[in-house]
Amino acid sequence: MAQLNDNIQYMKGIGEKKAAALRKLGIRTYRDLISFFPRAYEDRRTFYAIADAPAETPVCVKAMVAAPPNAVRARRGMTLVKLRAVDDSGVLDITYFNQAWLKNTLVPGETYIFYGRVGESGRRRTMTNPAFEREDAEGVVTGRILPVYRLTAGISQKVLLTSVRQALDACEAVPDILPDDVRRRYELAQARFSYENIHFPRDDAALDQARQRLVFEELYVLAGAMELLRGRRKDRPGLVLPESSMDGFWRTLPFSPTNAQRRAVDEALADMRSGQPMNRLLQGDVGSGKTLVAAALLWQMARAGYQSAFMAPTEILAEQHCKTLTEMLDPLGVRVVKLTGSMTAAQKRHVNEKLALGEADVAVGTHALLMENVTFRDLGLVVTDEQHRFGVEQRSALTGKGEHPHVLVMSATPIPRTLALIIYGDLDISVLDELPPGRTPVETYAVGEEMRERIWNFVRRLVREGRQVFIVCPMVEENEELPDTVKSAQEYARELQNEVFPDQRVLCVHGKMKAKEKDAAMAAFAAGDADILVATTVIEVGVDIPNAALMIVENADRFGLSQLHQLRGRVGRGKHKSYCVLFSDSKTDTARSRLKIMTQTNDGFLISQEDLRLRGPGDFFGSRQHGLPEMHVADLSADMRVLKQAQQEAQAVLASDPELRRPENEPLRDRIHELFELHEDTFN
């Protein structure tokens, strides 16, 4: 009898080579295998007579092989096996490509069930490369609902199908992590039934029951992990910030803060006075004023005698934040210093001395803040901007420079609140849902190639008026696998400079450039040394250029809506009327309706909700930048009601057994520990 944690390499039919390929799919153990759920299902239960089978739809046809199959060598490297199958209603001509062995497998006079798409060739009905089995077989690939799995090189559907079957047969005992009373309360199936029927459903109802149970289980484990983490963090002591009024800070501002900004500051200060370390996410749309909230907290820390660190992902952003924070805090007597990699050794040494002696209150910088020789006299607050750009070790290295300092994480990626509760379930969340007065919405247009010349004329007009323009492409260099219409940033920049805008100054910046080159190009654009910046999405979260009044996105249908919204946020940051033009020649209804949303609203939260609905959470975060554990069966856009139920139950279990020590909670504890190991980027 196999155990769920056994290595699949020693399973019959796997071996070293296939095990290595399966690892690419995240499958190492028997548990991984039975938890590798199908991405789709094919209904192979309905049988048709040859004459009645609908065309161009995958169907099962029961027919007899009428004559010996014929193998034909069509050309070098290509062998065709042709055969004719018949039933009472007609004739079916079947062709297999490069499967010469079938010539001796399909026996004349025997009846088989063939599954594939029926085509028409003149008056004849045809099928190409159908799956098949004898009519007396036990319904391995026909006559049933068949799972379809995600694949990788060296792994076929058949390998996965037989391996999952073996794993389920070998591991009869699948521990049930859901308490019996929870299972009964929500009328959920047992674990063994659910794992069996998610892979090999008896019928539609069994598949539905299995899915409901496994969705609940997956969200229950995730919610339990987040609750456990939150509990552990709250056990740590945190420095207590003394009560102090914010009036002195608000009075110095040349404008009135929004209610959302005031609320976020109050929420953070309450955390910092609670005796436990603050661990708060400040989430706000582009231009919602997150830096002001951070500045208010930095001021309070300095007044109480503590230092703060503010880490940004790039030098140019660190430079920008340093300038903004100095303007806000210098009049209040808060000493702000900058620490970046490009500074000279002497400059760095000077800043380090100030921090170690307590002669600086706030250090704004990049990864340079993490260096071992950077020491703080008394670090009380760590702020990270666009925190998904930093790895776990980097964030830990910074917080490790103080005694459990308070942590504020800032993100300009608007995430639907329900989803944020999962991703950042261990953080408290403040949302800036108002834009400061004076920010005018960016006018957005979705256009096709026929508008190209008009848009180029518009670019020339804006540049003549002294404005600057961003042009964004989806990729960096030519890629033969992608259509010609997908512009390469470097090639496109050259083409624009030489053929379209010879009188303008065109610059290019892309992700493959070294950080220093990238920063230099962005700094040159910010200084007004170029009129047009051709870029990849490296500018998505980037420098503030108030003079940029037009954002053009090429092949806009290739971007997610939230990404497009981030790009659009690069313009409209100054006093000039600003525009965003989304080029796309995609004719699909989905692409058109997605881009139409961008032209109708500037609300990032509305857009992100729509993005989640249209694309699902897997694609929503692009390259898994937020560290969200991949959902195997739950759909975070559709299963929100279940998520709330699972969170309630997980909270109840952990309230009565905070460390999950009771025997009945051991399976849940084991699963949470597995999740911690697999997704350390999330649970740091």
Side-chain angles (χ1 to χ4, degrees), residues 1-39 41 138-141 144-152 155-180 182-183 188-203 206-222 224-225 629-634 660 663-679:
M1 186 66 65
Q3 301 299 309
L4 285 170
N5 290 327
D6 286 356
N7 191 330
I8 53 152
Q9 182 173 327
Y10 308 107
M11 180 185 279
K12 185 182 173 187
I14 296 297
E16 203 172 319
K17 201 170 173 184
K18 284 197 176 82
L22 286 166
R23 281 197 292 275
K24 290 179 186 168
L25 294 170
I27 301 172
R28 289 172 174 77
T29 65
Y30 280 67
R31 176 188 289 293
D32 295 336
L33 195 50
I34 67 169
S35 302
F36 189 75
F37 301 129
R39 65 173 176 79
Y41 297 88
E138 291 181 10
V140 178
V141 295
R144 52 179 290 192
I145 301 171
L146 196 79
V148 179
Y149 297 96
R150 189 163 51 84
L151 301 176
T152 189
I155 300 296
S156 65
Q157 291 291 344
K158 188 177 179 184
V159 166
L160 272 171
L161 198 69
T162 53
S163 302
V164 170
R165 182 68 271 163
Q166 268 193 80
L168 283 167
D169 292 342
C171 302
E172 282 183 12
V174 179
D176 207 320
I177 67 162
L178 295 182
D180 285 345
V182 170
R183 216 166 34 74
L188 298 169
Q190 291 183 322
R192 175 74 211 185
F193 172 92
S194 303
Y195 279 93
E196 177 71 34
N197 281 278
I198 200 79
H199 290 287
F200 304 106
R202 196 173 55 204
D203 51 36
L207 176 57
D208 195 45
Q209 280 180 291
R211 187 185 176 278
Q212 282 179 27
R213 149 70 203 225
L214 292 167
V215 165
F216 193 99
E217 178 179 309
E218 188 163 43
L219 296 175
Y220 179 71
V221 172
L222 188 59
E630 185 178 359
M631 297 287 97
H632 294 286
V633 64
L660 299 174
E664 66 268 29
N665 292 330
E666 267 182 36
L668 174 59
R669 190 181 71 220
D670 292 346
R671 288 284 290 281
I672 287 174
H673 286 171
E674 277 178 37
L675 202 58
F676 279 149
E677 285 170 25
L678 280 173
H679 300 284

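Every residue was checked against the side-chain hydrogen bond (donor to acceptor under 3.5 Å, both in side chains) condition with R144, not counting sequence neighbours, and none meets it. Here F216 pairs with Y186 under the ring pair (Phe, Tyr, Trp, His ring centres under 6.0 Å) rule; sequence neighbours left out. Under the side-chain hydrogen bond (donor to acceptor under 3.5 Å, both in side chains) criterion, N197 pairs with no residue at all, not counting sequence neighbours. Listed by chain and number, the residues in a side-chain contact (heavy atoms from CB on, under 4.5 Å) with D670 amount to none (sequence neighbours excluded). Applying the side-chain contact (heavy atoms from CB on, under 4.5 Å) rule to E664 yields the partners R662; only residues at least two apart in sequence or on another chain are considered. Residues satisfying the ring pair (Phe, Tyr, Trp, His ring centres under 6.0 Å) criterion with Y149, sequence neighbours excluded, are H199. Judged as a salt bridge (charged side-chain N to carboxylate O under 4.0 Å, His left out), and not counting sequence neighbours, R669 has no contacts. Under the side-chain contact (heavy atoms from CB on, under 4.5 Å) criterion, R192 pairs with R165, L168, V174, E196, not counting sequence neighbours. Taking the side-chain hydrogen bond (donor to acceptor under 3.5 Å, both in side chains) definition, one finds that Y195 meets it with E217, sequence neighbours left out. For D208, the side-chain contact (heavy atoms from CB on, under 4.5 Å) criterion is met by Q212, not counting sequence neighbours.
Scanning all heavy atoms of the two residues, the minimum distance from I14 to S163 falls at CD1-OG, 3.4 Å. Closest approach of A167 and M11 over heavy atoms only: CB-CE, 3.9 Å. Heavy-atom minimum distance, F36 versus L25: CE1-O, 3.8 Å. Considering every non-hydrogen atom in both P175 and A191, the closest pair reads O-CB, 4.1 Å.
Around CD of Q190, the count of heavy atoms belonging to other residues, nucleotides or ligands within 6.0 Å does not exceed 12.
A donor-acceptor contact shorter than 3.5 Å is absent between the side chain of Y220 and the backbone of L214. Between the side chain of N665 and the backbone N or O of L668 there is no donor-acceptor pair closer than 3.5 Å.
F193 contributes atom CZ, which lies 4.5 Å from atom CZ of R202 (distance to the nearest 0.5 angstrom). Considering NZ of K18 and CG of L160, their distance stands at 11.0 Å, rounded to 0.5 Å. A distance of 9.0 Å separates OH of Y41 from CD1 of I145, quoted to the nearest 0.5 Å. Of the inter-residue distances, the one linking K17 atom NZ with I155 atom CD1 reads 10.5 Å to the nearest 0.5 angstrom. Between atom NZ of residue K12 and atom OG1 of residue T162 there is a gap of 9.5 Å, rounded to the nearest 0.5 Å. I177 contributes atom CD1, which lies 4.5 Å from atom CZ of R671 (distance to the nearest 0.5 angstrom).
Under 4.0 Å is where a charged nitrogen must lie from a carboxylate oxygen, and between R28 and D6 no such pair does.
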CA sep, side-chain torsions, deciding dist, call: S35, D32, side-chain hydrogen bond (donor to acceptor under 3.5 Å, both in side chains): CA-CA 5 Å; S35 302; D32 295 336; over 6 Å; no
